[in-house]
Protein chains: 4
Amino acid sequence: MRSLTRVSTTRTFKRLPREIREQQVLDAAVRVFSHHGFHTASMDEIAEVAGVSKPMVYAYLGTKEELFIACLRREATRLMEAIADVVDPTLGLSDQLWSGLRAFFAFVGAHRDGWAVLYRQARGQEPFAAELAAMRRRIVDVIADMLDRAVRAEGRQIHGIDLEVSAYALVGAGESLADWLADHPDADPDKTAGRLMNVAWLGAAQLLRGDVWAPGGSEPPVTSRDAA
Amino acid sequence: MRSLTRVSTTRTFKRLPREIREQQVLDAAVRVFSHHGFHTASMDEIAEVAGVSKPMVYAYLGTKEELFIACLRREATRLMEAIADVVDPTLGLSDQLWSGLRAFFAFVGAHRDGWAVLYRQARGQEPFAAELAAMRRRIVDVIADMLDRAVRAEGRQIHGIDLEVSAYALVGAGESLADWLADHPDADPDKTAGRLMNVAWLGAAQLLRGDVWAPGGSEPPVTSRDAA
Amino acid sequence: MRSLTRVSTTRTFKRLPREIREQQVLDAAVRVFSHHGFHTASMDEIAEVAGVSKPMVYAYLGTKEELFIACLRREATRLMEAIADVVDPTLGLSDQLWSGLRAFFAFVGAHRDGWAVLYRQARGQEPFAAELAAMRRRIVDVIADMLDRAVRAEGRQIHGIDLEVSAYALVGAGESLADWLADHPDADPDKTAGRLMNVAWLGAAQLLRGDVWAPGGSEPPVTSRDAA
Amino acid sequence: MRSLTRVSTTRTFKRLPREIREQQVLDAAVRVFSHHGFHTASMDEIAEVAGVSKPMVYAYLGTKEELFIACLRREATRLMEAIADVVDPTLGLSDQLWSGLRAFFAFVGAHRDGWAVLYRQARGQEPFAAELAAMRRRIVDVIADMLDRAVRAEGRQIHGIDLEVSAYALVGAGESLADWLADHPDADPDKTAGRLMNVAWLGAAQLLRGDVWAPGGSEPPVTSRDAA
DNA sequence: GATGAATGAGCTTTCATTCAT
DNA sequence: CATGAATGAAAGCTCATTCAT
């Protein structure tokens with residue numbers, strides 16, 4: 001468990017353009033950070049896994065902290081893009097939510113390393129908590145905005161702080177299930193998204209009554225009660 | 001940011017019984033860990049904040065890791081007890097949830113340091129993730145069981161894994177709002193609990209329709225739609 | 001292997017006279033030192049094995065160094081006495097040697113702990129090397145004197161330094177076999193003594209007769225007796 | 001007594017190749033270990049004496065224990081080679097012994113530090129006793145084998161264990177005189193070798209002729225030669 | 001006489017970071 | 001461009017030793 005094996009088996013002495021080297025190092029860093037955690041990870045190992053000498057790492061990505069933040073940003077950007085690519089703002093709320101959640105869990109399922117770096121590590125370590133909070137804030141704002149527009153479309157209005165808190169709750173539920181997914185390698189990301197959709201969309205009271213939400217349903221969803 | 005100031009300004013040279021010193025050290029440790037994170041925190045600082053020499057810390061609480069786990073357990077126990085003291089299993093589901101959430105947010109609001117140690121720090125640091133996972137599991141199981149009994153009381157049934165995931169989502173939402181609460185010192189714990197109750201109990205769809213959940217409502221809750 | 005079990009199973013709170021306590025502590029110290037070595041041994045463990053609190057150890061036997069020296073002296077005294085009790089200076093040289101060796105190996109065989117403290121530990125550790133050297137010196141002098149008297153009784157004489165070196169060689173051979181004995185728990189001390197006697201005496205006997213070996217002599221060497 | 005002065009008075013900031021630095025560190029370590037003993041020696045001092053920073057010591061030679069073993073092995077190898085270079089197995093037994101002893105004492109006389117590390121320190125400290133025992137074992141086996149072949153050449157035979165013990169005795173005598181030599185800086189190694197040869201050879205010669213000493217024999221002992 | 005409580009001091013070990021080549 | 005060599009600084013942990021009771 002001590003050291004991860006080098007990413008590129010044959011260490012290349014070719015003088016590669018800076019951009020490629022940077023990506024190699026970032027890949028290595030994400031791997032190492034996600035396996036060992038920020039503090040336990042050593043620059044030595046990252047350099048070795050990247051197949052590069054330590055001074056190169058410093059030359060290209062800077063301090064250990066800066067390197068970690070670079071990882072954080074790259075993974076966060078990828079995640080946001082994966083979601084943004086898929087959500088169609090012209091659709092109804094439930095469709096947006098559903099497609100967003102699917103994209104989210106699909107991403108986490110495919111990049112469990114990245115997720116680990118992103119959320120599990122960063123959440124507690126002070127220098128990064130702020131960075132991460134800002135990222136989460138962006139998501140929360142997007143969701144709160146979605147809710148707001150949908151509510152206004154119904155001719156009603158919800159207090160800003162209530163919107164924010166609701167969005168936070170949804171994000172928290174999502175992160176929690178992402179963790180759950182990361183710990184259950186065999187679980188299906190799509191099904192997980194469906195389950196969260198059920199809870200989030202219908203609420204406990206409905207579930208209690210036996211209602212079930214299913215993709216493809218028009219909005220408002222057809223619940224068993226409505227169907228009756 | 002370097003060092004937290006000593007808890008008791010005048011360092012006491014009195015020979016105190018072991019039990020008291022242990023609590024002093026635990027208090028200091030929770031404070032320091034929650035401010036600096038596990039790795040960044042130094043035993044030196046913990047000892048200093050506790051107003052005790054380092055060897056005492058080791059003699060009474062053991063290794064840094066053991067000390068952290070001791071913090072973890074103490075805070076977790078307090079949290080669980082605070083909730084258990086308040087939840088009445090003979091009540092309906094929504095009442096149990098509501099009282100549980102209130103107790104939860106009240107605790108977090110009153111012990112922000114403890115919460116930070118418990119969830120923010122431990123989640124990512126490998127030796128403790130397992131310990132923490134086990135604790136969360138206990139809560140999840142309790143909630144899942146609550147749901148299960150309520151559903152069966154209605155004469156229906158929900159697949160085990162769906163129960164588990166729902167409970168996970170709820171716990172995640174709760175943790176997320178707890179973080180939010182910890183970051184908003186002026187926010188009211190009770191209101192936060194109410195907001196989560198709304199989202200969790202009613203679900204997004206209902207909120208969209210303008211439904212509002214309020215404490216004291218009988219089960220099933222009276223929604224604006226029912227009222228209409 | 002961490003801690004040796006207490007010598008007296010039931011820790012006695014009786015106020016015992018100082019002398020007895022001192023012996024208890026010395027016994028414990030010899031045990032602990034011989035198992036862990038001087039530096040690795042801890043005063044805590046010695047106190048615990050002795051069934052006494054640490055301040056008692058300090059009160060009675062002083063510093064760790066002083067305690068070790070006390071062990072050293074007690075064991076050395078016992079060894080010397082065991083030998084002196086048995087050697088009859090009125091007998092011939094070989095009888096003295098033989099009885100002395102028998103007593104020596106018998107002692108080592110019976111007090112392997114003591115031997116370990118005495119020689120293996122003390123030899124290298126600077127504060128004790130001197131102490132030990134002095135003890136060895138006393139034995140060497142006794143042996144050298146025995147040889148000297150025997151030679152003079154034959155009407156001849158051997159240079160002082162040669163006597164000393166011979167005695168040193170004998171002592172070294174004895175210590176070496178004592179180590180060997182300590183490492184072979186099933187070996188018979190008496191037989192070991194016999195074997196050393198063979199080597200030592202048959203050599204010594206020739207010296208006694210005035211034989212001299214010189215480099216370049218063919219094999220078998222021409223002794224003065226053969227020459228006569 | 002605290003600190004040995006640096007080997008090279010002017011600390012060199014030149015970047016030296018690893019091999020050279022390793023030797024510098026080993027030299028320093030042997031010096032420091034032999035003066036202070038394993039436990040009392042500090043890595044700080046070793047690094048300082050080597051004219052190198054502590055992390056270098058760890059990078060090149062590893063743990064304190066590993067460093068000590070490296071010293072042990074280097075010194076032992078040197079000693080064995082010094083002897084092996086000189087002993088001619090085609091010669092007679094006494095010539096082999098004599099040349100071996102001369103080489104041995106010459107080495108010890110020239111490398112008193114090395115000797116101290118090798119035998120005085122390692123003998124008692126548990127992690128190394130085994131290592132050292134194995135080394136001594138190799139020497140003992142060589143000597144026992146020499147004896148065995150010589151005895152068989154005479155058409156006789158000696159029991160294995162007797163050979164082993166005799167060899168042990170010889171080695172012990174040699175070590176003892178080596179210590180004596182290390183403590184008498186003005187003594188001549190060659191003369192010391194001669195003195196041991198006298199004791200050892202005149203004894204060995206008798207054994208070679210089949211003489212046997214038995215307890216109770218009158219003085220001077222009746223040898224088979226006398227009996228003839 | 002006897003002890004639990006308490007500490008100063010020190011040691012090994014590790015790591016992020018930077019020169020000199 | 002690329003690296004092996006080198007280090008300052010700090011952290012975890014232990015232990016002999018001593019008060020105050």
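Naming: A, B, ... by sequence-line order, numbering from 1 per chain. We use all heavy atoms of the structure for the numbers below, so side chains are in, but hydrogens, waters and symmetry mates are not.
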*Nearest-nucleotide wise, let me know which of D:A41 and A:P55 is further upstream toward the 5' end of DNA chain E.*
D:A41
*Starting from P on F:dT18, measure out to CE on B:M56 and report it in whole angstrom.*
17 Å
*What is the distance from CD of D:E22 to P of F:dA6, rounded to the nearest Å?*
11 Å
*Between A:R21 and F:dA2, is there a side-chain N or O to OP1/OP2 distance below 4.0 Å?*
yes
*Listed in order of residue number, which residues of residues 58-69 of chain D have a non-hydrogen atom at under 4.0 Å from DNA chain F?*
D:Y60
*Carefully, step by step, assess B:I46 and B:R31 under the rule side chain to side chain contact (heavy atoms under 4.5 Å, CB included).*
CA-CA 8 Å; B:I46 291 172; B:R31 254 180 94 197; over 6 Å; no
*Any side-chain heavy-atom pair of B:H36 and B:E45 under 4.5 Å*: yes
_Without decimals, in angstroms, what is the distance between B:E19 CD and E:dG4 P?_
16 Å
*Kindly write out the residues that satisfy ring pair (Phe, Tyr, Trp, His ring centres under 6.0 Å) with D:F128, not counting sequence neighbours, or none if the list is empty.*
D:F38, D:F68
_Using whole Å, what does the distance between atom C1' of nucleotide E:dT12 and atom CZ of D:F33 come to?_
12 Å
*asked:* Testing the basics here: between D:A47 and D:S53, what is the closest heavy-atom pair and its distance to 0.1 Å?
replied: CB-C, 4.0 Å
*With sugar-phosphate meaning primed atoms plus P, OP1 and OP2, does B:M43 contact a base, only sugar-phosphate, or nothing at under 4.0 Å between heavy atoms?*
sugar-phosphate
*asked:* My understanding is that only residues two or more places apart in sequence, or in another chain, count here; which of them pass ring pair (Phe, Tyr, Trp, His ring centres under 6.0 Å) with D:Y60?
replied: none
*Are any of the side-chain heavy atoms of A:L67 and A:F33 separated by less than 4.5 Å?*
yes
*E:dG4 P sits how many Å from C:E48 CD, rounded?*
11 Å
*Take atom NE2 of D:H36 and atom P of E:dG10, then tell me their distance rounded to the nearest Å.*
14 Å
*Could you check how far CG of C:D44 sits from P of E:dT3, rounded to whole Å?*
14 Å
*Which nucleotide, E:dA9, F:dT18, F:dG12, lies nearest any side-chain atom of B:S42?*
F:dG12
_Intra- and inter-strand pairs of DNA chain F in dot-bracket (Watson-Crick or G-U wobble, both distances under 3.5 Å; | for another strand)_ = .||||||||||||||||||||
*asked:* Run the salt bridge (Lys or Arg N to Asp or Glu O under 4.0 Å) test against A:K54 and tell me which residues pass, sequence neighbours left out.
replied: A:D44
*Would you confirm whether A:K64, through its side chain, and A:Y58, through its main-chain N or O, come within 3.5 Å as a donor-acceptor pair?*
no
*Would you mind reading off the distance between C:I46 atom CD1 and F:dC15 atom P, rounded to a whole angstrom?*
12 Å
*asked:* Quick check for you: among E:dA6, F:dT7, E:dT13, whose closest atom lies nearest to any side-chain atom of B:R15?
replied: E:dA6
*Determine whether any donor atom in the side chain of A:K54 lies under 3.5 Å from an acceptor atom in the base of E:dT18, or the reverse, and answer yes or no.*
no
*With side chains defined as the heavy atoms from C-beta onward, is the minimum distance between A:M56 and A:V25 less than 4.5 Å?*
no
_Just to be sure I understand the rule, does D:R18 reach a base, reach only the sugar-phosphate, or reach nothing, if contact means heavy atoms closer than 4.0 Å?_
sugar-phosphate
*Among pairs that include at least one residue of residues 66-77 of chain D, which meet side chain to side chain donor-acceptor pair (under 3.5 Å), considering only residues two or more places apart or in two chains?*
D:Q23-D:R74, D:D27-D:R74, D:R73-D:E131
